[in-house]
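Accompanying notes for the structure given below.
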Protein chains: 2
Amino acid sequence: MIDTRQKILDAAERLFGEQGYGATSLRHIIAEAGVNLAAIHYHFGTKEELLDQLIMRKGAPVNAERLALLDALEARAQGKAVPLEKLLEAFLGPPMKRVGKSPEFAKLMGRMYGEGLMPGIVERHFQTVVKRSFAALARTLPHLTPGELALRLQFMTGAMAHILMGKALDAKAMTGATPPRGSQTVLRELVAFLSGGLRAPAARKGRRRIDK
Amino acid sequence: MIDTRQKILDAAERLFGEQGYGATSLRHIIAEAGVNLAAIHYHFGTKEELLDQLIMRKGAPVNAERLALLDALEARAQGKAVPLEKLLEAFLGPPMKRVGKSPEFAKLMGRMYGEGLMPGIVERHFQTVVKRSFAALARTLPHLTPGELALRLQFMTGAMAHILMGKALDAKAMTGATPPRGSQTVLRELVAFLSGGLRAPAARKGRRRIDK
DNA sequence: GTCTATACTGAGATAGAC
DNA sequence: GTCTATCTCAGTATAGAC
């Protein structure tokens, strides 16, 4: 059958998301998919390449959405800077939307950004959209140097990855409080938080004495 | 020799930090340490318990520092709310300090927070300091409900973890810009960013229509 | 109490028959 | 295209030497 490939991809997506990439064995995947072990190596080569195909299959639409939103925003701004909140929604909305309907994939995506999982794969698939977003943010946030903005993008990426993975630290156990659920609510809060952080003035060298 | 245990811990710390927990084999560790494979199981039981001991050995001083700083801040505030930047420095400073002198451990710590690596271990070692910080932040930020603050703490944790791990995404390759180096500079920028984010008003439900 | 030698199970990967 | 058999290396467990 020619959809052996599809069955493998479906099973792998589910299991990688649920248990993580490292903790999922190829033998577990083939048991779920009902195929032979060697079929994975025939169709994908290695476990890593299987992950790569998976990211491509589900990650490409996410990035396409983000780029389309960016295009629309920049067209509407007619050469002026795009409002910060709009840029954040364009970058964060498409992946956050998946948290509800496809939590396994969202979790996997979070791992990719945050875990240092397969850095080469991440760069290849996300470089275009990150570069475009960086350029747009640079125009919206002229008070930051490119280096400062790059650093803040890392802060932002870390926060997003953590949320996509779904409470890597169970907030309730750690703090006693129950954070809001629902990806739309979380998205709004995340945008509010990040826009506050990105707008904050840079803590320049100041060569400040140690307190005093 | 009785320092077989120490040699194992030292080698494990280095290798876990460099390559990650999952990617480091016990056989690699014993080769570095110059001990026998079974020595690990004699002294630590399993690979996971070895990690636990490691976190305890190096993580305990970090948390002790944080708690001491918190104590000092709250004593100085005499019942009033502690300034936000001071709280952030108390929480972020101790781990960030390690980035320079012991990058392997910083990276490991970042993985613990962010990767979902051994959630039980993380909770056990960090719950006290997180709970204390949460309570102090709640008094400093009365505009946030406990749930909203818990969510923002997750954003903050994600950003911190990402930075501790050391450019999980190589910012230069992704954006073209070179972010500031030096853990003190990064700490200042992180505090500026997070205080801006935490102070931002909550994006309450608003029941807003879909744009329009 | 401390360590060595060795064996067991399950992982990813590969060669070659069908 | 698919499957069987097999390879190497992982984490783990235990028996027994010092």
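Below, chains carry the letters A, B, ... as their sequence lines are ordered, and counting in each starts from 1. Since the model is a prediction, treat every value here as computed from it, not as a measurement. Computed from heavy atoms alone, side chains included, the values below leave out hydrogens, waters and symmetry copies.
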Polar side-chain atom of [X] near backbone of [Y] as donor-acceptor pair, under 3.5 Å:
X	Y	result
Thr175(B)	Lys172(B)	no
Arg199(A)	Gly196(B)	no
Ser133(B)	Val129(B)	yes

What is the distance, to the nearest angstrom, from the [atom1] atom on [X] to the [atom2] atom on [N]?
X	N	atom1	atom2	result
Leu26(B)	dA11(C)	CG	C1'	14 Å
Glu49(B)	dG11(D)	CD	C1'	13 Å
Leu50(A)	dA13(C)	CG	P	10 Å
His28(A)	dT9(C)	NE2	C1'	17 Å
Tyr42(B)	dC18(D)	OH	P	17 Å
Ile8(A)	dG12(C)	CD1	P	13 Å
Ile40(B)	dT12(D)	CD1	P	9 Å
Leu37(A)	dT6(D)	CG	P	15 Å

Quick one: is [X] getting a side-chain N or O under 4.0 Å of the [N] phosphate, OP1 or OP2?
X	N	value
Thr4(A)	dT2(D)	yes
His43(B)	dC3(C)	yes
His41(A)	dA13(C)	yes

### 5′-ward residue of the pair Asn36(A)/Ala38(B) relative to DNA chain D
Asn36(A)
## Note on the structure
Axis-to-axis angle across the helix from dG1(C)-dC18(D) to dC18(C)-dG1(D), five pairs each end, nearest 10 degrees, ~ 10°
### Query
Mind checking whether Phe193(A) and Phe155(B) have parallel, tilted or perpendicular rings, split at 30° and 60°?
tilted
### Message
Is there, by distance only and without an angle test, a donor paired with an acceptor across the side chain of Arg27(A) and the base of dG10(C) below 3.5 Å?
### Response
no
### Chi angles and distances behind the salt bridge (charged side-chain N to carboxylate O under 4.0 Å, His left out) call for Lys58(A), Glu104(A)
CA-CA 11 Å; Lys58(A) 302 298 286 291; Glu104(A) 330 81 32; 5.8 Å; no
### Query
Does a side-chain N-to-carboxylate-O contact under 4.0 Å join Arg139(A) and Glu74(A)?
no
#### Entry: Listed nucleotide nearest any side-chain atom of Lys47(A), set dA13(C), dG1(C), dT12(D)
dA13(C)
### Task
Kindly indicate whether a cation-pi arrangement holds for Lys47(A) with Phe16(A), taking the cut-offs as under 6.0 Å to the six-membered ring centre and within 45° of the axis.
no
